[in-house]
Colleague: 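The structure's right below; bear with me while I get my questions together.
So you know, we letter chains A, B, ... as the sequences are listed, proteins then strands, and number each from 1.
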Protein chains: 2
Amino acid sequence: MTAPTIPPATYEELRNELAEKHEGLSKRLKQIAEYALDNPNDMALETVSGIAERASVQPSSLIRFAKAFGYSGFSEMQRVFRSYLVESGANYKDRIRSFRNEQGEDGAPRNIVLEDFIDGGIAALKNLRDVVDPEQFEAAVKILGKADVIYLAAQRRAFPVASYLAYAFAQLDKRCVLVDGNGGMFFQQGHSIRSGDALLAISFKSYSPEVIQLVKETREKSIPVVSISDGLLSPLSQNSDVTLEVEEVEVHAFRSLSATMTLALTLVVALGRELQK
Amino acid sequence: MTAPTIPPATYEELRNELAEKHEGLSKRLKQIAEYALDNPNDMALETVSGIAERASVQPSSLIRFAKAFGYSGFSEMQRVFRSYLVESGANYKDRIRSFRNEQGEDGAPRNIVLEDFIDGGIAALKNLRDVVDPEQFEAAVKILGKADVIYLAAQRRAFPVASYLAYAFAQLDKRCVLVDGNGGMFFQQGHSIRSGDALLAISFKSYSPEVIQLVKETREKSIPVVSISDGLLSPLSQNSDVTLEVEEVEVHAFRSLSATMTLALTLVVALGRELQK
DNA sequence: AGAAAAATGGAATAAAAATTCCGCGAAGAG
DNA sequence: CTCTTCGCGGAATTTTTATTCCATTTTTCT
């Protein structure tokens, strides 16, 4: 009775199976198959009785349906539909982070290779595409374009980004000051900002207290602040006029900067365009 | 006790609410808010106890959390996270288009470039996979692992990479000197290298003469040199013991650093492993 | 430092959901 | 035409999941 089938493990497989077996199914099961192909979202998120109602079918038929395809019950089949939702959705975070826990269980560290980081980097870039809001981005460009002098503030891991931007801005003939704390002069450098300028602050968790403080102080002077940071909880985004969000690959305690660098470059080019007007 | 709040009905609203109230929350609730913003997928699909476990929290805290934001229970809040999953899947294609948009046929420049740079970055990463030779990479790690002090030399566009490495090496407790030419002391800094150390030089075309010269001089002292550069024609690779090759894709006449940064991160992690032995 | 208030963990309970079971009725075989 | 088989509906049951409650800890205020 139960088909000795190995149940499809991915949404694609399931779709094909559904289409293929469709002909040979009984009336109700056929009906369900059609509904499933038409409403994968429902299949993924609704409860058995919810789906049963919408598809005008009895709950028990849904269980029979799942079993006909080799699953142990409806829940197991639903997992497949859910995995589809996750994959198709704008969410690469899981893959970005997939390195976090990859320590071999035997204690021996897993051999992490370049391949993995490349995949992670690609995921981070795709994620960047999803999380950067075009309007925010435009707003950031506008602010920077209008600024007389752009102040760049960043420490530690974020510092390379600022230094790259300083280099690129110079190429654009855009004046900028790199507030790098060289010689312990962080605030001395930072405080010379004045009306007409703009601050571009970059910091990721754990956030540099100096940068946070400078952002706050600058804001209090009503000078516009653009920030590049990770997520809404960043103390930077809470004190900035515009925030651009980036999430990077992390391994152990190390994070890459590849997505951030891409964002920075884009900002430079967009700013170049803006300045040409 | 229950906040008289009207609970957020959309994911966006909820996100903002989460970020906004975050400060005023108690320890556990804060912890949950962070987890929720980081893992919306889990919040949408997992069960209460599943999330509780992953977020290292009690199930009851999750219910309290939902109630703190005005929902009647966790399930109600979960609906919001689910709606996000559905929407993000549906809008996915539109969003891409909104970025890709507007190649003015009249010759007007595209106004949005992020999409291009992301594609370029992805291409560069894929290319990196092909051109980096695992043996060379291992050799580079060995050399750096054995070095007493690592000297990092880079200028201009390559400088951010070196500064990133300097930061990361410091985290590994690996001594290093960043030869950055600060105060016009490039060679003074560079010449202090001595037997037992190693030089890691980074430069892309058009190659910085200072870096090239330092590489040559260091080689003449029989001190090992590892370089990161673009292609075998680079004057760096001709004077280095090991060269790691990266080619960044050029988009709109600008080059990114995303692939290089990924390579750098990999190097750091590999070196960390090496040092643990 | 001590009292009051708030937050937390964890078991107990309630609610909801999935699954099973069984009798009925339709379709097909002899 | 009758018997058998298969599929179906729907209530009953089991399992899973969400929620509540309260003792204990932690924080806050005085």
Side-chain angles (χ1 to χ4, degrees), chain A residues 1-5 7 14 18 21-36 39-83 85, chain B residues 1-5 7 14 18 21-36 39-83 85:
Chain A
M1 180 217 145
T2 337
T5 329
L14 180 52
L18 245 41
K21 286 200 179 172
H22 179 260
E23 276 314 311
L25 293 174
S26 71
K27 197 172 161 196
R28 280 290 170 288
L29 297 236
K30 211 182 269 188
Q31 189 178 338
I32 296 173
E34 283 158 22
Y35 185 85
N39 308 72
N41 281 352
D42 282 1
M43 295 298 282
L45 296 177
E46 294 290 308
T47 68
V48 168
S49 51
I51 298 168
E53 191 171 344
R54 296 188 189 208
S56 312
V57 148
Q58 286 295 322
S60 48
S61 295
L62 282 171
I63 279 95
R64 275 195 286 270
F65 179 72
K67 292 195 169 174
F69 285 87
Y71 299 98
S72 76
F74 181 80
S75 305
E76 197 176 312
M77 173 183 251
Q78 194 172 44
R79 249 175 259 138
V80 176
F81 280 100
R82 288 188 172 181
S83 72
L85 257 194
Chain B
M1 181 226 143
T2 336
T5 328
L14 179 52
L18 244 41
K21 286 201 180 169
H22 178 258
E23 274 316 308
L25 292 174
S26 72
K27 199 171 158 197
R28 279 290 166 292
L29 299 210
K30 213 182 263 188
Q31 188 178 337
I32 295 174
E34 284 158 24
Y35 186 85
N39 307 71
N41 278 353
D42 283 0
M43 295 297 283
L45 295 177
E46 293 290 306
T47 67
V48 169
S49 51
I51 299 167
E53 192 171 341
R54 296 187 189 209
S56 311
V57 148
Q58 288 294 322
S60 48
S61 296
L62 282 171
I63 279 96
R64 275 194 286 268
F65 179 72
K67 292 195 170 173
F69 285 87
Y71 299 97
S72 74
F74 180 81
S75 306
E76 196 175 314
M77 172 182 254
Q78 195 172 43
R79 247 174 259 138
V80 176
F81 280 101
R82 290 189 169 179
S83 72
L85 261 195

Colleague: Going by side-chain contact (heavy atoms from CB on, under 4.5 Å), name the residues that satisfy it together with A/H22, two or more places apart in sequence or in a different chain.
Modeller: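 So A/H22 forms a side-chain contact (heavy atoms from CB on, under 4.5 Å) with A/K30, A/A33, A/E34.
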Colleague: Here's a test of your reading of the structure: between A/V57 and B/Q78, which maps to the more 5' nucleotide of DNA chain D?
Modeller: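 Nearer the 5' end of the strand: A/V57.
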Colleague: Could you work out how much the helix from C/dA1-D/dT30 to C/dG30-D/dC1 bends, comparing the axis of its first five pairs with that of its last five, to 10°?
Modeller: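 Here the local axes at opposite ends form an angle of 20°.
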Colleague: Consider the side chain of B/S60, meaning its heavy atoms from C-beta on, and name the nucleotide among C/dT20, D/dT20, D/dA18 that approaches it most closely.
Modeller: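 Selected nucleotide (nearest to the side chain): D/dT20.
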Colleague: Let me know the distance between CZ of B/R79 and P of D/dA18, rounded to the nearest Å.
Modeller: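 That distance rounds to 12 Å.
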Colleague: Go nucleotide by nucleotide along DNA chain C from the 5' end; which of A/F74 and B/P59 gets its closest nucleotide reached first?
Modeller: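 Checking each residue's closest nucleotide, the 5'-ward one belongs to B/P59.
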Colleague: Write down the distance between CG (B/L62) and P (C/dG10), rounded to a whole number of angstrom.
Modeller: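 The distance from CG of B/L62 to P of C/dG10 comes to 14 Å, rounded to the nearest Å.
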Colleague: Can you tell me the distance, in whole Å, between the CZ atom of A/F65 and the C1' atom of D/dG9?
Modeller: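 In whole Å, D/dG9 C1' and A/F65 CZ are 18 Å from each other.
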Colleague: Using a cut-off of strictly less than 4.0 Å, decide whether A/Q58 has a side-chain nitrogen or oxygen near OP1 or OP2 of D/dG10.
Modeller: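 Looking at the OP1 and OP2 atoms of D/dG10, one of them is under 4.0 Å from a side-chain N or O of A/Q58.
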Colleague: Which pair of non-hydrogen atoms, one from A/A66 and one from A/G73, has the smallest distance, and what is that distance?
Modeller: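 What the structure gives for the nearest pair is CB-O, 3.5 Å.
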Colleague: Search all heavy atoms of B/Q78 against all heavy atoms of B/E46 and return the closest pair with its distance.
Modeller: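 For B/Q78 versus B/E46, the nearest heavy atoms are NE2-O, 2.8 Å.
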Colleague: For the residue pair B/L14 and B/M77, establish whether any side-chain heavy-atom pair is separated by less than 4.5 Å.
Modeller: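 B/L14 reaches B/M77 side chain to side chain.
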Colleague: Output yes when at least one side-chain N/O atom of A/S61 is less than 4.0 Å from OP1 or OP2 of D/dG9, else no.
Modeller: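 Affirmative; the distance criterion is met.
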Colleague: Taking all atoms of both residues into account, what is the closest heavy-atom pair of A/L62 and A/V48, and its distance?
Modeller: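 Here A/L62 and A/V48 meet closest at CD1-O, 3.3 Å.
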Colleague: Using a cut-off of strictly less than 4.0 Å between a heavy atom of the residue and any atom of DNA chain C, enumerate the qualifying residues of residues 48-55 of chain B by number.
Modeller: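 None - not one residue of the stretch has a heavy atom sitting under 4.0 Å from the strand.
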Colleague: Taking DNA chain D as the partner, which of residues 22-32 of chain A come within under 4.0 angstrom of it by heavy atom?
Modeller: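 Result for residues 22-32 of chain A: A/S26, A/K27, A/R28, A/L29, sorted by number.
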Colleague: Side chains of A/V80 and A/Y71, heavy atoms from C-beta outward: is any pair under 4.5 Å?
Modeller: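 Yes. Closest side-chain heavy atoms under 4.5 Å.
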Colleague: Applying ring pair (Phe, Tyr, Trp, His ring centres under 6.0 Å), name anything that partners A/F74, two or more places apart in sequence or on another chain.
Modeller: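 Listed in chain order: nothing, the list is empty.
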Colleague: Indicate, with a heavy-atom threshold strictly under 4.0 Å, whether A/T47 touches base, sugar-phosphate, or nothing.
Modeller: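 Sugar-phosphate: the residue A/T47, judged by heavy atoms under 4.0 Å, touches backbone atoms but no base.
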Colleague: Let me know the distance between CZ of B/R64 and P of D/dC21, rounded to the nearest Å.
Modeller: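 Computing the B/R64:CZ to D/dC21:P distance gives 13 Å.
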Colleague: Compare every heavy atom of B/A68 with every heavy atom of B/L29, then report the nearest pair and how far apart it is.
Modeller: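 That closest heavy-atom pairing would be CD1-CB, 4.0 Å.
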Colleague: Answer yes or no: is there a side-chain heavy-atom contact under 4.5 Å between B/L18 and B/F65?
Modeller: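 Yes - at least one pair of side-chain heavy atoms lies under 4.5 Å apart.
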Colleague: Does B/S61 offer a backbone N or O that forms a donor-acceptor pair with the side chain of B/R28 under 3.5 Å?
Modeller: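 Pair absent, no side-chain N/O of B/R28 close to backbone of B/S61.
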Colleague: Expressed as a whole number of angstroms, how long is the span from A/K67:NZ to D/dC6:P?
Modeller: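 Answer to the nearest Å: 17 Å.
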Colleague: Please tell me which of the listed nucleotides, D/dG9, C/dT19, C/dG9, lies nearest to the side chain of A/I63?
Modeller: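 For A/I63, the side-chain atoms sit closest to C/dT19.
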Colleague: Measure the shortest side-chain to side-chain distance between A/F69 and A/P7 over non-hydrogen atoms and say whether it is less than 4.5 angstrom.
Modeller: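 Result no, sub-4.5 Å side-chain heavy-atom pair not found.
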Colleague: List the atom pairs, with distances to 0.1 Å, where a side-chain N or O of residues 50-60 of chain B and a protein N or O form a donor-acceptor pair under 3.5 Å, not counting sequence neighbours.
Modeller:
{"residue": "B/R54", "atom": "NH1", "partner": "B/D42", "partner atom": "OD1", "Å": "3.4"}
{"residue": "B/R54", "atom": "NH1", "partner": "B/D42", "partner atom": "OD2", "Å": "3.2"}

